[in-house]
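Heads up: the structure comes next, in structure tokens.
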Amino acid sequence: MDSKTALLVIDMQNDFCEGGALAVEGGTSIVPLVNKLIAGYDHVILTQDWHPQGHSSFASQYEDKAPFETIEMPYGEQVLWPDHCLQGTDGAAFHRELEWTTAQLVIRKGFRREIDSYSAFRENDRETPTGLAGYLRERGIDDLVLCGLAFDYCVAWSALDARRFGFSARVVEEATAAIDLDGSKAKMRLAMEEAGVRFA
Ligand code: VGL
Ligand code: ZN
């Protein structure tokens with residue numbers, strides 16, 4: 001019988017690792033642990049941040065904005081980032097030491113110019129689905145284990161949405177690394193705890 005648990009590996013891409021355009025401190029060092037996790041699950045799903053040029057989450061699109069400042073979008077507040085994970089570039093590729101070949105699904109996100117997408121389930125308007133919830137339900141998967149980058153953005157938003165869509169969710173914290181912008185790490189950890197996300 002197929003297991004009802006899937007490992008969700010979030011955005012283990014060059015641009016989020018040391019030397020990348022939006023490097024997360026400690027990003028590279030979690031690769032071996034993520035590989036160990038991948039080896040232990042029947043169902044492995046990866047996400048890949050996948051932006052077109054001129055994406056609206058890039059600070060470079062606004063004359064008076066710098067990376068890590070925020071802007072008001074039609075769907076709410078949005079942090080502005082350095083240009084990163086451009087479709088088809090080396091920065092958007094999975095880290096070269098990531099052993100991802102057994103993954104059964106890659107969810108690409110952030111490909112609409114006007115909406116960013118942190119969560120593996122929904123874009124940042126909190127309406128547009130990626131299709132992941134339907135995929136999991138059709139596969140009979142109801143339990144998720146999450147790891148990857150960044151703890152306080154794409155991992156957290158994915159874990160919160162997992163709970164919202166009725167999945168159980170556990171974050172393997174040592175197989176994550178955080179951006180930690182203005183206390184975002186503590187804030188998102190608390191939000192996850194309150195939503196019933198468990199930590200390993
Ligand atoms: C992410 C910022 C912008 C992430 C993606 O993977 O956490 N953060 N795009
Ligand atoms: Zn992004």
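Fair warning: this is a prediction, and the values are worked out from it, not measured in the lab. Ligands are counted one by one from 1 in listed order, and the atoms in each one are counted from 1 as well.
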Is it true that a side-chain atom of [X] and a backbone atom of [Y] form a donor plus acceptor pair closer than 3.5 Å?
| X | Y | result |
| --- | --- | --- |
| Asp15 | Cys85 | yes |
| Tyr62 | Ser56 | yes |
| Glu77 | Glu72 | no |
| Thr70 | Val79 | no |

NZ/Lys65: more than 12 non-hydrogen atoms of other groups inside 6.0 Å: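 It does: Lys65 NZ has more than 12 such atoms within range.
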
Any N/O pair Asp116/ligand 1 closer than 3.5 Å: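 No: no nitrogen or oxygen of Asp116 is under 3.5 Å from one in ligand 1.
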
Contact (N/O only, under 3.5 Å) between His51 and ligand 1: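 No; every N/O pair is 3.5 Å or more apart.
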
Row check, Phe58 ring normal vs Arg113 NZ/CZ: under 6.0 Å, within 45°: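 Judged by the rule (NZ or CZ under 6.0 Å from the ring centre, within 45° of its axis), Arg113 is not positioned above Phe58.
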
Partner of Tyr135 under side chain to side chain donor-acceptor pair (under 3.5 Å), chosen from Glu138, Arg137, Arg139: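 Exactly one option meets the side chain to side chain donor-acceptor pair (under 3.5 Å) with Tyr135, and it is Arg139.
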
Proximal candidate to atom 2 (C) of ligand 1 [heavy atom criterion; set Tyr153, Phe151, Trp81]: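 Going through Tyr153, Phe151, Trp81 one by one, Trp81 has the nearest heavy atom to atom 2 (C) of ligand 1.
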
Ligand 1 contact by Gln13, heavy-atom criterion under 4.0 angstrom: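 No heavy atom of Gln13 comes that close to ligand 1.
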
Close-contact set for ligand 1 against Ala150 heavy atoms, below 4.0 Å: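 Answer, ordered by atom number: 4 (C), 6 (O), 7 (O).
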
N, O or S atom of Asp49 closer to the Zn ion (ligand 2) than 2.8 Å: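 A backbone or side-chain N, O or S atom of Asp49 is under 2.8 Å from the Zn ion (ligand 2).
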
Metal site the Zn ion (ligand 2): N/O/S of Cys154 inside 2.8 Å: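 No, since none of the N, O or S atoms of Cys154 sits under 2.8 Å from the Zn ion (ligand 2).
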
Ligand 1 contact on Ile10 by region, counting heavy-atom pairs under 4.0 Å: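 It is neither part, as no heavy atom is under 4.0 Å.
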
Protein residue, atom and distance nearest to atom 4 (C) of ligand 1, heavy-atom basis: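 The closest one turns out to be Cys154 SG, 2.8 Å.
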
Minimum-distance protein heavy atom relative to atom 6 (O) of ligand 1: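 In this structure, atom 6 (O) of ligand 1 has Asp11 OD2, 2.6 Å as its nearest protein heavy atom.
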
Identity of the N, O or S atom of His51 lying closest to the Zn ion (ligand 2):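 The closest N, O or S atom of His51 to the Zn ion (ligand 2) is NE2.
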
Trp50 and Phe111 aromatic centres sub-6.0 Å: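 No: the rings miss the under 6.0 Å criterion.
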
